[in-house]
Amino acid sequence: MSKIFVALVVLAIAVAVQGCKDSCLGKHDGHYPCICSGPCHRYYKCHKHVIVKYHYCGDNTQCLIRGVCGSCQDSCHGKPNGDYPSLDNPRPFYYHCENGFLSFRTCHPNEVFNAWTRKCECYEVFCEKGDGLQPSVCGNGCGGYVMCEGGFAKIHRHCPRPRPYYCCHTHVCVSSSHHCHGGPCGRCGH
């Protein structure tokens, strides 16, 4: 057997034993923090949608920040067990604290970690426009809206049946998307 094949088998067994979910599927070539249990300074390299190698930053006080090793802001020091938004890595990453140990996690595609609910949720792109009422793009069709705060959807709401369309411009529910001055919200063109 070739050395590469043996190395791949050993890596596959290690991943299966750990229950590790590190993946390069849908990711560009580059370095990504490990989402498996273990030290926060561990990361992996993706090349052509395959993990080619695991690495460690210099010491336990460094972690991978936007593809480069640097001083970690994420910490479990003094925090209860649970999930926290990552200061070191952008959404969809977050980190989990368990008895003082930190491990990075990631949300499913099209989801981000919501700091308010401490859960992965559908990414409400309109919350990037600012705080306040915005249309919802996450499974609510044209009749949903959200209260955005700090770039996240804090409260999800649906328009009532007699007025099932949310108007972005007036921030009210209307009976027809044609009753919305300036046109309907986003993809809602009924």
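Please read these numbers as outputs of a predicted model, since none were measured by experiment. Hydrogens, waters and symmetry mates are skipped; everything else that's a heavy atom, side chains included, is used. Nothing fancy with the numbering, it's 1 onward along the sequence.
- In this structure, the separation between NE2 on H47 and NE2 on H28 is 14.5 Å, given to the nearest 0.5 Å.
- With sequence neighbours left out, K79 forms a side chain to side chain donor-acceptor pair (under 3.5 Å) with Y95.
- A heavy-atom distance below 4.5 Å is not found between the side chains of S86 and F113.
- A pairwise comparison of heavy atoms in L133 and Y145 identifies CD2-CD1, 3.8 Å as the closest pair.
- The nearest pair of heavy atoms linking C76 to G100 is CB-O, 3.6 Å.
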Start with the C-alpha distance between F104 and D74, add both sets of side-chain angles, then the distance that settles side-chain contact (heavy atoms from CB on, under 4.5 Å), and finish with yes or no.
CA-CA 10 Å; F104 282 106; D74 296 337; 3.3 Å; yes
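- Taking K27 as the reference, Y44 meet the side chain to side chain donor-acceptor pair (under 3.5 Å) condition, with sequence neighbours excluded.
- Nearest approach of C97 to S75, heavy atoms of both residues: SG-O, 4.2 Å.
- Residues that satisfy the ring pair (Phe, Tyr, Trp, His ring centres under 6.0 Å) test with H55, not counting sequence neighbours, are H31, Y43.
- By the side chain to side chain contact (heavy atoms under 4.5 Å, CB included) test, V50 is found to be paired with no residue, residues two or more places apart in sequence or in another chain being considered.
- C120 and E111 get closest at one heavy-atom pair: CB-OE1, 3.5 Å.
- The CG atom of D131 lies 9.0 Å from the CE atom of M147; values are rounded to the nearest 0.5 Å.
- Among residues two or more places apart in sequence or in another chain, the side chain to side chain contact (heavy atoms under 4.5 Å, CB included) test is passed with P80 by Y84.
- Under the rule for a side chain to side chain contact (heavy atoms under 4.5 Å, CB included), the partners of C148 that lie at least two apart in sequence or sit in another chain are C127, Q134, V146.
- Checked by atom type and distance alone, the side chain of N114 never pairs as donor or acceptor with a backbone atom of K119 at under 3.5 Å.
- Here the straight-line distance linking atom CZ of R157 with atom OG of S136 works out to 12.0 Å at 0.5 Å rounding.
- Among residues two or more places apart in sequence or in another chain, the side chain to side chain contact (heavy atoms under 4.5 Å, CB included) test is passed with H96 by D83, E98, S103, R105.
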